[in-house]
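Below is one structure; the comments refer to it alone.
Each chain gets a letter, A, B and so on, in the order its sequence line appears, and its residues count up from 1. Hydrogens, waters and symmetry mates play no part in the numbers below; they use all other heavy atoms, side chains included.
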Amino acid sequence: MRAIHPKNYRSVDMTSPLTGEATPPAAAALLLAADEWCVGAAVSPYAGCGHVFDGLTASGLARRYLAAVIAPGAVHARAALSRTWEQTTAVGHSATEHELWSSDSGSTANELINVPGKQAGVGYTPQPTFQYGASDIVLSGDGINDSPTASQDRQLELQTLAAPYVEPLYVGDVSAFSLFVSDQVLDLETL
Amino acid sequence: MTITTPTGVGISNASALWLPAMAQEPLKTALQNCNYLMQWHRPPLVSHCYTADDALTRTSIYIVPIIPSADSLRYNFEHRFVCSAGSQSVTVTVDETASYTGGSTTWANIYSQAVTSDATGGNLTTHTKTLQAIASTSEALRITYTAPASGSRNDHHVLTYPAPAATVAGLMASGATPFDDGLLAHADKGAVHTEWLNRCKATSSAVLRDRKQIALSFVQDETNQTYQHNSLGSDYYPLPIARVWLPNQGPVCTLDLRVLASVDAGGYSDLIRVRQAGGVPGAASTTFDALGGVESSTLALIMQGDGLMRYADIEIGVARLGANKTRLKAVSGYYTPGQ
């Protein structure tokens with residue numbers, strides 16, 4: 001059993017050598033540190049890029065296809081979805097929920113992820129816009145259900161591999177989007 | 001002597017690390033992981049979703065500021081677009097430049113290829129082009145999509161990530177050094193020396209710091225911007241806030257920002273602002289001139305959340321002066337581990 005030990009690169013010296021001694025004692029800790037630098041670099045999730053784009057002001061823009069590169073050892077992911085709106089009469093493209101899927105999470109009806117959309121309140125209707133509006137950010141669901149029998153708000157499944165891969169994605173009705181790895185493999189020895 | 005590059009990260013058993021035998025392993029696996037990282041550490045350099053008009057019937061040109069690897073690596077490109085009619089020919093061209101100066105820019109072609117869109121109109125077309133080198137001195141990419149003969153085109157996303165050639169001996173410009181197994185694997189078993197141990201950290205750190213990770217992106221057409229900010233006052237008007245995830249990092253991380261914007265006339269100073277949003281105490285902001293070239297600065301982020309859910313919300317703002325339009329063309333924000 002070998003767990004991932006997350007490394008905060010802000011709290012370590014990135015440039016000094018592991019040891020400055022010509023003949024250091026043959027300590028297992030030194031060997032472990034050397035190994036951990038390489039393994040840690042490999043399995044650290046890549047930055048979850050915040051993509052800003054107009055996916056709201058026309059129905060033809062509402063469906064957005066993109067892709068992310070997933071670092072080794074990932075198991076599940078979640079997304080941050082930004083919505084931008086004005087509180088007037090709706091004339092643009094609006095939705096009561098945001099659809100989301102990835103290639104490995106699945107894109108058939110039951111596999112779709114549905115994140116609740118911006119709801120109309122008393123006295124106003126949220127009109128999607130790209131600039132001049134107010135924004136909020138909603139996260140996709142934290143529940144794990146890799147065999148859903150109906151579309152729901154849940155974590156996306158990822159491939160748990162020993163090398164990075166490209167995960168195709170789709171998201172609907174947002175003005176910014178980012179994906180982050182929310183769950184990593186418990187035992188690296190299973191990679 | 002052989003430079004062996006595993007296709008997956010090598011994982012030594014925990015017990016092998018704590019109670020190592022008098023043998024090549026587990027040090028050999030750790031050192032081969034240096035080679036693995038040099039070829040397989042692949043954080044995206046470009047991941048930009050296009051902001052463009054719906055149903056385009058013209059050629060589109062996007063300029064994306066970049067900070068490429070010092071090793072002039074090869075990269076893979078993935079372009080995503082949708083044509084309203086089936087089987088349309090769209091020529092995808094990618095160029096690079098060391099200095100973007102608008103219309104007088106000298107571009108070097110990376111590749112150009114005619115792509116046939118999906119046979120069914122309205123379906124996604126994904127075009128992948130592998131193993132294209134980007135010079136370490138490049139400041140920006142130019143991505144061009146031609147108009148389909150019939151119907152229209154919607155531009156979705158471009159992804160660019162490292163795909164280096166096979167690891168070869170020698171110190172790279174980034175500071176990474178591969179490992180060959182000659183001495184360690186020799187029948188007479190050479191002594192373990194400290195340079196091997198230090199190389200694990202030195203190469204890991206060099207690769208991490210050399211391959212900048214795209215963390216914030218925005219791009220619209222070079223000359224036909226959907227949003228020109230031509231009806232604003234002099235205050236900054238915000239684009240939608242984006243959440244940037246930097247797992248396990250903090251408490252403060254610094255992004256390298258590259259911004260491309262211009263004005264039609266008049267003053268250009270400090271018309272673009274990028275700041276941390278969300279009312280975080282002590283949050284920083286930085287401004288950029290809309291001078292028509294790629295502007296550089298940094299933004300320190302006070303990270304929120306914990307563990308894998310470490311994040312910062314970022315807002316891009318645009319101002320104008322008088323009646324002069326401010327044209328924001330692209331923003332690229334890069335994360336470097338340790339920064």
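- Checked against the 6.0 Å centroid threshold, Phe53(A) and Tyr50(B) do not count as a close aromatic pair.
- Using a 4.5 Å cut-off between heavy atoms, Ser44(A) does not touch chain B at all.
- Atom CZ of Arg10(A) has more than 12 neighbouring heavy atoms from other residues, nucleotides or ligands inside a 6.0 Å radius.
- Inspection of the Tyr9(A) and Asn248(B) side chains reveals no N or O donor paired with an N or O acceptor under 3.5 Å.
- Judged by distance alone, with hydrogens and angles left aside, the side-chain atoms of Thr5(B) form no donor-acceptor pair with the main-chain N or O of Tyr36(B) at under 3.5 Å.
- Pro116(A) is listed as a side-chain neighbour of Asp153(A), based on a closest heavy-atom distance under 4.5 Å.
- Annotation: cation-pi geometry not satisfied between Lys28(B) and Trp196(B) (NZ/CZ under 6.0 angstrom from ring centroid, within 45° of ring axis).
- Although no hydrogens or angles enter the test, the distance criterion places no donor-acceptor pair under 3.5 Å between the side chain of Asp187(A) and the main chain of Ala3(A).
- In the model, Asn76(B) has no side-chain atom that pairs as donor or acceptor with a side-chain atom of Thr130(B) under 3.5 Å.
- Ranked by heavy-atom pairs shorter than 4.5 Å toward chain B, the options His51(A), Arg63(A), Met1(A) are led by His51(A).
- Salt-bridge annotation for Asp35(A) and Arg2(A): present, with a side-chain N of the basic residue lying under 4.0 Å from a carboxylate O of the acidic one.
- Residues of residues 134-149 of chain A having a heavy atom under 4.5 Å from any heavy atom of chain B, listed by number: Ser135(A), Ile137(A), Leu139(A).
- Judged by distance alone, with hydrogens and angles left aside, the side-chain atoms of Glu189(A) form no donor-acceptor pair with the main-chain N or O of Ile11(B) at under 3.5 Å.
- Of the atoms belonging to Arg83(A), not a single heavy atom falls under 4.5 Å from chain B.
- Between chain A and the residues Pro26(B), Ala242(B), Ala206(B), the most heavy-atom pairs under 4.5 angstrom are made by Ala242(B).
- Across every non-hydrogen atom of Cys253(B) and Met303(B), the tightest pair is SG-CG, 4.0 Å.
- Looking only at side-chain heavy atoms (C-beta outward), Asp54(A) and Tyr227(B) come within less than 4.5 Å of each other.
- Contacts of Ala215(B) with chain A are made by both backbone and side-chain atoms, with heavy-atom separations under 4.5 Å.
- Heavy atoms closer than 4.5 Å to chain A are found nowhere in Gln220(B), neither backbone nor side chain.
- Each of Gly73(A), Pro17(A), Ala29(A) has some count of heavy-atom pairs under 4.5 Å with chain B, and the biggest count is that of Pro17(A).
- Taking chain B as the reference chain and counting heavy-atom pairs below 4.5 Å, the highest number among Cys38(A), Ala176(A), Ala163(A) is found for Cys38(A).
- In this structure, chain A has heavy atoms under 4.5 Å from both the backbone and the side chain of Val252(B).
- Thr125(B) places a side-chain N or O within donor-acceptor distance of the main-chain N or O of Asp118(B), the cut-off being under 3.5 Å.
- Counting heavy-atom pairs closer than 4.5 Å to chain A, the top residue among Ala277(B), Ala55(B), Ser12(B), Gly122(B) is Ser12(B).
- By a heavy-atom distance cut of under 4.5 Å, Ser178(A), Leu179(A), Phe180(A), Val181(A), Ser182(A), Asp183(A), Gln184(A) are the residues of residues 177-184 of chain A near chain B, going up by number.
- Proximity to chain A involves both the backbone and the side chain of Ile214(B), based on heavy atoms less than 4.5 angstrom apart.
- Listed options Leu246(B), Val244(B), Thr29(B) were ranked by heavy-atom pairs under 4.5 angstrom with chain A; first place goes to Val244(B).
- Tyr46(A) and Trp40(B) make their closest contact through OH-O, 4.1 Å (heavy atoms, listed as atom of the first residue, atom of the second, distance).
- Only the backbone of Asp155(B) comes within less than 4.5 Å of a heavy atom of chain A; no side-chain atom from C-beta onward does.
- Side-chain contact between Glu99(A) and Tyr170(A) is present, with at least one heavy-atom pair separated by less than 4.5 Å.
- Note: Pro164(A) leads Ser82(A), Gly20(A), Pro168(A), Pro164(A) in heavy-atom pairs under 4.5 Å with chain B.
- Of the atoms belonging to Glu78(B), it is side-chain heavy atoms, and not backbone ones, that fall under 4.5 Å from chain A.
- Most heavy-atom pairs under 4.5 Å with chain B, from the set Thr19(A), Val39(A), Asp13(A), Thr15(A): that is Thr19(A).
- The greatest number of non-hydrogen atom pairs below 4.5 Å with chain A, out of Asn154(B), Thr7(B), Ile241(B), is found for Ile241(B).
- Glu36(A) does not touch chain B: none of its heavy atoms, backbone or side chain, sits under 4.5 Å away.
- Note on Ala33(A), Ala71(A), Ala34(A), Ala27(A): by heavy-atom pairs under 4.5 Å with chain B, the leading option is Ala34(A).
- Counting heavy-atom pairs under 4.5 Å between each of Arg243(B), Glu315(B), His48(B), Met309(B) and chain A puts Arg243(B) at the top.
- In this structure, Gln213(B) contributes its side chain and Ala47(A) its backbone to a donor-acceptor pair below 3.5 Å.
- A distance below 6.0 Å separates the ring centres of His156(B) and Tyr65(A).
- With Ser205(B) contributing its side chain and Lys201(B) its backbone, the two residues share no donor-acceptor pair below 3.5 Å.
- Contacts of Val12(A) with chain B are absent, with no heavy-atom separation under 4.5 Å from either backbone or side chain.
- At a 4.5 Å heavy-atom cutoff, the contact between Pro247(B) and chain A is made by side-chain atoms alone.
- Between Met38(B) and Thr203(B), some side-chain heavy-atom pair lies under the 4.5 Å cut-off.
- The contact between Leu61(A) and chain B is made by backbone and side chain atoms together, counting heavy-atom distances below 4.5 Å.
- A side-chain donor-acceptor contact under 3.5 Å links Ser175(A) and Thr84(A).
- Comparing Leu124(B), Asn33(B), Leu27(B), Leu159(B) by heavy-atom pairs within less than 4.5 Å of chain A, the highest count is held by Leu124(B).
- For Arg42(B), the parts lying near chain A are the backbone and the side chain together; criterion is any non-hydrogen pair under 4.5 Å.
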Item checked: Worked verdict on Asp256(B) versus Thr254(B) for side-chain hydrogen bond (donor to acceptor under 3.5 Å, both in side chains) -> CA-CA 7 Å; Asp256(B) 287 306; Thr254(B) 301; over 6 Å; no
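- Between His127(B) and His79(B), the ring planes lie parallel to each other; the angle is under 30°, not in the 30° to 60° tilted range.
- With a threshold of 4.5 angstrom between heavy atoms, Arg199(B) does not approach chain A through any atom at all.
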